[in-house]
Amino acid sequence: MTQHLVDPRASRDLTAFIAELPKAELHVHHVGSASPRIVSELAARHPDSKVPTDPEALVDYFTFTDFAHFIDVYLSVVDLIRTPEDVRLLTYEVARDLARQQVRYAELTITPFSSTRRGIDERAFMDAIEDARKAAESEFGTVLRWCFDIPGEAGLEAAEETTRLATDDRLRPEGLVSFGLGGPEVGVERPQFKPYFDRAIAAGLHSVPHAGETTGPQTVWDALTHLRAERIGHGTSSAQDPKLLAHLAEHRIPLEVCPTSNIATRAVRTLDEHPIKEFVRAGVIVTVNSDDPPMFGTDLDNEYAVAARLLELDERGLAELAKNAVEASFLDAAGKARIAGEIDTYTAQWLGR
Ligand SMILES: O=C(O)c1cccc(C(=O)CC[C@H]2O[C@@H](n3cnc4c(=O)[nH]cnc43)[C@H](O)[C@@H]2O)c1
Ligand SMILES: [Zn+2]
């Protein structure tokens, strides 16, 4: 796990600017956002779990040898969430952490299959996330929306169940805006999920699969062609294919880039080797995101600090990056204009100090 919550190479001034900059977060996982305090509290409730109860010990526990190890650890935390009250608490606390970073809007990736297969009642699950969403909006001013993702490695049974939960009018939560595909990519071909994405898209959901995180650019092409992706989760390996970069730029398909995540899961060797700069150079719309922040020892502020260093951004550049996320979000036009206006006002005030 990365030890520094703020990239130590970011200047003090930029760090302060980022801390108060209004932001949107487009790629952040529900369970992967559980704070060390919540994880240890849940672990203490369930002594049969291998997850440490000491928040300090979580630093070691959240150090991953590779992507498969990360998923293993991730699922051990999923195992701790056993009741609708656990779901509500987790969701509400995630919103509190986002609000602390001036996140005005977040699309949270939730894997309902993982909870329902572990015995949480589907109706109670939906009520828990919706209850937390409404509380977060009124108490913290942070607007939450959901992306339900298929855990691809769990197979077509998981795809069917996720699609049902996302499209059944009696269950589908009000905050649901998009449909995703997560988990390992190796051996989990994107085209097999086409019928499920077709149904979700027909039901009005946006398509936002992970692709090109741990496999090559063909997975990104498959996500575009078969799953009609409107944004790509990670898309890291797109940098290996100039034609793909040109396609993403021409069709204005944003990438949800999560730099620290890619280092923590060892998908990319070092931050300096991260292809984010190549994406920008190719004209691809880049958004910066935190993925599973406490597991990767990061948060959204730190990802902006990392991006500022890698892309050599000043305050105006950071404000543009924040506006990319607003523009690439599934908020309505009025909501986008409101947050973009806040970013502009904040930046002008900061620069005019
Ligand atoms: O829940 C199960 O029982 C289950 C069974 C087999 C496989 C799975 C999964 O593969 C779950 C993957 C899980 O990981 C989430 N996630 C969090 N961060 C990332 C990421 O950076 N890249 C891909 N997936 C990620 C994802 O949302 C799934 O919930 C589960
Ligand atoms: Zn992710």
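As the structure is a prediction and not an experimental result, all values here were calculated from the model. Every number for a ligand or one of its atoms is a count from 1 in the order of the listing.
- Remark: minimum distance from atom 30 (C) of ligand 1 to any protein heavy atom is reached at Leu75 CD2, 3.6 Å.
- For the pair Glu230 (side chain) and Val208 (backbone), a donor-acceptor distance under 3.5 Å is absent.
- The Zn ion (ligand 2) lies closest to atom OD1 when only the N/O/S atoms of Asp291 are considered.
- Residue nearest to atom 12 (C) of ligand 1, selected from Gly152, Ala264, Gly183: Gly183 (by heavy-atom distance).
- Neither side chain, Gln101 nor Asp97, offers a donor N or O lying under 3.5 Å from an acceptor on the other.
- For His29, the N, O or S atom closest to the Zn ion (ligand 2) goes by the atom name NE2.
- When the options Asp72, Thr111, Thr109, Asp291 are ranked by their closest heavy atom to atom 29 (O) of ligand 1, first place goes to Thr111.
- Using a 4.0 Å cut-off between heavy atoms, Ile71 contacts ligand 1 through its side chain alone, with no backbone atom that close.
- Under 4.0 angstrom from ligand 1, there are no non-hydrogen atoms of Thr265.
- Among Cys147, Gly180, Ala154, Pro112, the residue whose heavy atom sits closest to atom 6 (C) of ligand 1 is Ala154.
- Contacts of Phe67 with ligand 1, taken as heavy-atom pairs under 4.0 Å, involve the side chain alone.
- Under 4.0 Å from ligand 1, not a single heavy atom of Cys258 appears.
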